[in-house]
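Just so it is clear: chains get the letters A, B, ... in the order the sequence lines come, proteins before strands, and each one is counted from 1. As a basis for the values below, the full set of heavy atoms in this structure was taken, side chains included, without hydrogen atoms, waters or symmetry mates.
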Amino acid sequence: MKAKVYVTLKNGVLDPQGKAICHALESLGFDEAQDVRQGKFIELELADGTSEARIEEMCRKLLANTVIENYRIEIA
Amino acid sequence: MKAKVYVTLKNGVLDPQGKAICHALESLGFDEAQDVRQGKFIELELADGTSEARIEEMCRKLLANTVIENYRIEIA
Amino acid sequence: MKSAVIVFPGSNCDRDMAVALREVTGRAPAMVWHRETVLPDVDVIALPGGFSYGDYLRTGAISAQSPIMAAVKRAAEQGRFVLGVCNGFQVLTETGLLPGALMRNAGLDFVCRDVPLTVENTQTAFTSAYKVGETIRIPVAHHDGNYFADGATLDRIEGEGRVVFRYAEDVNGAQRRIAGIVNESGNVLGMMPHPERAIEAAQGGTDGRRLFEGLVQAFVDA
Amino acid sequence: MTDIITPEIVAEHGLTPDEYETILAAMGRTPNRTELGIFSVMWSEHCSYKSSRIHLKTLPTEAPWVICGPGENAGIIDIGDGDAAIFKMESHNHPSFIEPYQGAATGVGGILRDVFTMGARPVANMNALRFGAPDHAKTRHLVAGVVHGIGGYGNCVGVPTVGGEVNFHPAYNGNILVNAMTVGVAKTDKIFYSAAAGIGNPVVYVGSKTGRDGIHGATMASAEFTDDSEEKRPTVQVGDPFTEKLLIEACLELMASDAIVAIQDMGAAGLTSSSVEMASKGGVGLELNLDAVPCRETGMVPYEMMLSESQERMLMILKPGREAEAEAIFRKWELDFAVIGTVTETGRLVLTFKGETAADIPLAPLADKAPLYDRPHVETPKRAPLADVPESADLTADLMTLVGSPDIASRRWVWEQYDHMVGADTVQRPGGDSAVVRVHGTQKGLAITTDCTPRYCFADPFEGGKQAVAEAYRNLSAVGATPLAITNCLNFGNPQRPEIMGQFVGCVSGMGAASKALDFPVVSGNVSLYNETNGVGILPTPAIGGVGLLKDYTKSATIAFKAAGEPIWLVGT
Ligand SMILES: Nc1ncnc2c1ncn2[C@@H]1O[C@H](COP(=O)(O)OP(=O)(O)O)[C@@H](O)[C@H]1O
């Protein structure tokens with residue numbers, strides 16, 4: 001089975017990479033870009049039957065740093 | 001308006017990060033983890049009415065490195 | 001004073017740290033592989049700089065889960081000294097031994113150069129050989145040294161005098177220019193600059209040496 | 001083994017009809033596709049040096065302090081007290097133009113492996129970079145990518161990047177140059193070579209798994225660019241500096257024992273070039289069981305395994321019975337380890353896969369008897385002398401123009417992105433004439449520089465070649481070092497054009513003349529030809545990497561003026 005994990009920075013945490021991308025888009029002439037946030041997109045190939053609780057645990061223990069990040073799980 | 005862009009490594013391209021994460025999950029006792037690929041998840045805040053074609057252009061020009069990455073756009 | 005250096009896969013300042021400890025303390029530190037579960041009987045544990053696990057996922061994240069870190073945590077709770085430099089600092093925040101997180105430099109580029117630091121607190125064993133308010137020069141070499149914590153945490157650690165080193169100029173976008181912090185009891189220090197690269201004149205400066213000398217003194221005094 | 005080999009397939013492999021005839025004669029039958037692929041990479045310009053070899057032979061390569069000259073993975077010089085310096089420079093031009101970050105990064109990884117495979121701990125990296133005009137549309141992206149890539153790899157493996165050079169010129173608009181150099185230090189009695197030996201000894205694969213990366217990279221590096229090369233983009237190799245760091249530590253740990261008979265990194269054309277070179281140097285044969293090769297992807301066939309350019313891999317011959325001990329070390333460092341074959345006495349490379357013979361080639365024609373060309377060359381016409389420069393009307397303004405020009409402006413923005421201090425032995429940082437890195441635990445210092453002025457080489461290849469060597473010599477002397485030896489990376493256009501070949505021949509003879517006069521031999525090097533886009537060649541760029549020795553690093557001279565009021569001397573002519 002497959003699961004997808006989206007890790008994003010919490011609100012209020014500055015995102016230097018997102019800011020730089022936004023800036024770069026503007027200098028390329030993409031004036032439509034108003035704000036950019038960059039996160040991670042992690043695709044997991046898991047043994048069948050892995051529970052969502054177990055994936056949560058992976059997120060809390062390793063995949064996200066809950067001091068600065070949120071995560072969202074999607075099971076395909 | 002908001003758009004989401006998912007950037008992933010093309011098939012066959014080495015993903016050292018994914019490899020390291022998978023390995024770390026295993027050593028933490030998450031034996032269910034069989035393979036991990038890490039990509040980027042970019043959230044764009046755009047001027048209303050920005051066309052998908054325009055976002056595509058952003059991807060090709062900046063957000064994805066099309067030599068090694070694929071991208072997917074989702075308009076919220 | 002007896003010391004140990006933890007070696008993670010991808011540590012690359014472990015040998016530099018060992019040289020500095022040997023130079024200043026007169027004895028070679030024990031080199032401890034991250035898979036170990038017990039620490040040797042030492043007074044100071046150093047987590048070196050480098051790119052443990054390639055900095056993959058997040059800097060320090062995978063190392064923070066290494067078997068040895070449970071032992072380091074216990075040692076810290078027992079009051080033994082723990083020094084985390086650069087990647088070692090990142091590991092300490094990921095482990096939760098120090099608050100906050102280290103994010104990508106605001107300028108996005110890796111930065112390697114000498115930087116001026118202000119010593120803010122000399123009441124710790126690590127900083128006892130410096131003078132309060134003194135400006136010292138120590139090299140940085142990092143891509144993710146941009147210190148972040150929420151406002152309340154920042155106010156708290158500032159109020160408790162736990163910010164011990166501050167950049168005298170903006171280096172990486174760190175909040176309040178924080179370069180190094182200690183834990184509540186003052187026995188765990190995390191800092192981005194590399195004191196072990198400034199212990200003899202040939203390296204371009206000796207301001208890092210006093211950090212190790214301060215530690216040695218703490219054991220002479222004890 | 002019944003592939004049909006059409007002239008189109010031969011051409012796709014970059015082989016001429018004549019070369020194919022030679023293959024047929026050597027094999028005594030039609031090769032299968034795997035065999036053809038192996039010939040094509042071994043006979044590519046990149047691996048065989050077929051256009052350059054006869055000229056390189058004229059370079060002086062000997063001196064009492066030279067332990068090993070060209071021909072091995074890197075050159076070795078004696079620096080006293082049982083210490084040796086091992087170094088080499090290499091190009092990664094084409095991959096860096098296609099994908100600047102990964103191209104430059106894997107260039108650094110490759111040159112590091114050439115040095116630690118010989119038993120040295122790498123102590124310094126250098127890089128020589130040439131980009132197009134600063135205002136060319138692609139330049140900014142390429143500069144940023146290359147500098148990030150070099151830093152990304154070098155910083156992570158923990159080898160300080162202590163210097164280099166950066167030039168801008170429109171001749172590089174469509175073909176940038178990325179040359180990387182590594183210097184390492186070993187004990188003279190602990191040097192490892194690549195010649196396979198010991199019939200029956202195990203052949204061992206270590207490092208990363210093999211994927212479908214960069215298949216045909218070596219032939220790409222030997223072909224000209226056209227506009228659609230960018231579209232073709234074969235799977236680009238992605239570097240994994242973390243794995244490289246583990247590989248360095250694991251190899252050095254195993255090298256501390258006496259288990260290794262021979263070792264070689266898998267560079268361009270990976271498993272093919274490493275196995276063929278090791279076997280032919282040792283005058284033996286190899287039989288490899290490809291089922292045992294650690295693969296990253298499913299369904300990989302022998303052709304792909306033999307041509308893959310996946311990074312961070314090494315091939316070793318071990319003494320019999322030492323496999324378990326070696327395996328334990330590589331497992332500890334979390335690396336792949338597999339016994340994939342044995343040394344044989346057949347003088348042939350035999351590959352088996354799924355119980356069948358996948359290739360069976362006599363080694364002699366692959367390596368020693370590879371084609372050699374004496375390509376026609378014409379001497380570069382003498383240029384008319386430059387007109388006199390009018391007297392300056394405003395010296396300050398002229399000075400500002402010079403100091404602000406892209407070729408002279410400070411490179412601090414580059415070297416600050418490289419960790420140039422890791423190892424804590426850098427005693428002269430970037431910014432001076434040479435970097436100085438002390439030999440750990442001794443008073444000795446190694447001085448290192450890279451130099452070339454391509455516009456001189458363009459104006460007069462012979463004088464330009466001489467000048468590049470002389471400048472390296474001066475830069476080493478300027479910090480107080482005794483210059484000892486050089487490596488080089490010869491970047492030129494299409495050697496099938498007589499005027500380009502003329503530039504090459506001129507530069508090489510100029511380099512040789514200067515090396516000889518200065519007792520400054522060439523101990524290693526690399527050639528990169530076909531640096532052209534749409535038929536326009538780059539400036540001839542023979543980059544020189546020089547290494548010198550200081551007996552006492554504390555006496556090294558630095559570039560800064562020390563105090564006001566001190567006299568300033570101008571010496572020389
Ligand atoms: N790509 C680079 N990487 C690291 N250091 C560099 C690079 N390019 C130039 N430098 C450093 O900048 C300084 C000036 O370089 P350069 O102008 O080429 O010197 P020179 O012409 O005097 O030999 C040298 O110390 C050199 O090592």
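- A side-chain donor-acceptor contact under 3.5 Å links A:D15 to the backbone of A:Q38.
- For A:L62, the part lying near chain B is the side chain, with the backbone staying farther off; criterion is any non-hydrogen pair under 4.5 Å.
- B:K10 contributes a side-chain N or O that, together with a main-chain N or O of B:T66, makes up a donor-acceptor pair within less than 3.5 Å.
- Neither the backbone nor the side chain of A:I55 has a heavy atom closer than 4.5 Å to any heavy atom of chain B.
- The contact between A:E57 and chain B is made by backbone and side chain atoms together, counting heavy-atom distances below 4.5 Å.
- Between A:K2 and A:E43 the shortest side-chain heavy-atom distance does not fall below 4.5 Å.
- Most heavy-atom pairs under 4.5 Å with chain B: of the set A:K40, A:Q17, A:M1, A:K61, this distinction falls to A:K40.
- Under 4.0 Å is where a charged nitrogen must lie from a carboxylate oxygen, and between A:R72 and A:E74 at least one such pair does.
- Residue contact with chain B, scored on non-hydrogen atoms closer than 4.5 Å, involves the backbone and the side chain of A:L46 alike.
- Between the side chain of B:E69 and the backbone N or O of B:N65, at least one donor-acceptor pair lies under 3.5 Å.
- Of the listed residues (B:I42, B:D48, B:L63), the one with the most heavy-atom contacts under 4.5 Å to chain A is B:I42.
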